[in-house]
Amino acid sequence: MIHYDWENSPTIKKIKCVHVDAKKYTVSNKLTPGQIYPVKNETDEFYFIIDNSNRIGGFYKDYFEIV
């Protein structure tokens with residue numbers, strides 16, 4: 001249950017949302033293009049960030065670029 005502590009963990013890096021053109025999922029209500037988000041955890045395929053709902057969300061890396 002380590003993911004319960006991610007909201008309070010230190011920020012690893014900051015990333016900028018580039019687009020919200022998702023093929024399969026709706027991400028436009030959780031991400032805003034051009035906004036910078038703090039990364040709390042990272043895997044090979046996903047960034048776990050605090051999104052527009054002020055909660056942790058996991059998103060594919062292709063939506064972002066490193067700031």
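Side chains included, hydrogens not; waters and symmetry mates left out as well; all remaining heavy atoms used.
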Worksheet item: Is Lys40 positioned over the aromatic face of Phe48, cation under 6.0 angstrom from the ring centre and no more than 45 degrees off axis?
Response: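 Lys40 over Phe48 ring: no.
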Does [X] share a hydrophobic cluster with [Y], counting links as ILVMFWY side-chain heavy atoms below 4.5 Å and allowing steps through other members?
| X | Y | result |
| --- | --- | --- |
| Phe59 | Ile36 | no |
| Trp6 | Tyr60 | yes |
| Ile15 | Tyr25 | yes |
| Ile50 | Val67 | no |

Fill in: Pairwise salt bridge (charged side-chain N to carboxylate O under 4.0 Å, His left out) hits with a residue in residues 10-27, at least two apart
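Pairs touching residues 10-27 that pass the test: Lys13-Glu42.
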Practice prompt. For residues 25-38, pull every pair meeting salt bridge (charged side-chain N to carboxylate O under 4.0 Å, His left out), keeping only residues two or more places apart or in separate chains.
Written response: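 Pairs touching residues 25-38 that pass the test: none.
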Item to complete: List in chain and number order the residues that pass side-chain contact (heavy atoms from CB on, under 4.5 Å) with Val20, two or more places apart in sequence or in another chain; answer none if no residue qualifies.
Response: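 With sequence neighbours excluded, Val20 shows a side-chain contact (heavy atoms from CB on, under 4.5 Å) to Cys17, Val27, Ser28, Leu31, Pro33, given in chain and number order.
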Worksheet item: Got a sec, which residues hit side-chain contact (heavy atoms from CB on, under 4.5 Å) with Asn52, two or more places apart in sequence or on another chain?
Response: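 Asn52 satisfies side-chain contact (heavy atoms from CB on, under 4.5 Å) with Thr32, Gln35, Tyr37 only.
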Worksheet item: Which heavy atom in Val39 sits nearest to a heavy atom in Asn41, and how many Å separate them?
Response: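 Closest heavy-atom pair between Val39 and Asn41: CG1-O, 3.4 Å.
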Item to complete: Quick one: list whatever passes salt bridge (Lys or Arg N to Asp or Glu O under 4.0 Å) with Glu7, sequence neighbours left out.
Response: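 Counting only residues at least two positions away or on another chain, Glu7 forms a salt bridge (Lys or Arg N to Asp or Glu O under 4.0 Å) with Arg55.
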Worksheet item: Is the distance between the ring centroids of Phe64 and Tyr47 under 6.0 Å?
Response: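 Yes, close enough.
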Item to complete: Only counting residues at least two apart or in another chain, list the ones meeting ring-ring contact (aromatic ring centres under 6.0 Å, His included) with Tyr63.
Response: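 With sequence neighbours excluded, Tyr63 shows a ring-ring contact (aromatic ring centres under 6.0 Å, His included) to His19, given in chain and number order.
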Item to complete: Kindly compute the distance separating CG (Asn8) from CD1 (Ile56), expressed to the nearest 0.5 Å.
Response: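 Nearest 0.5 Å value for the CG-CD1 distance: 9.0 Å.
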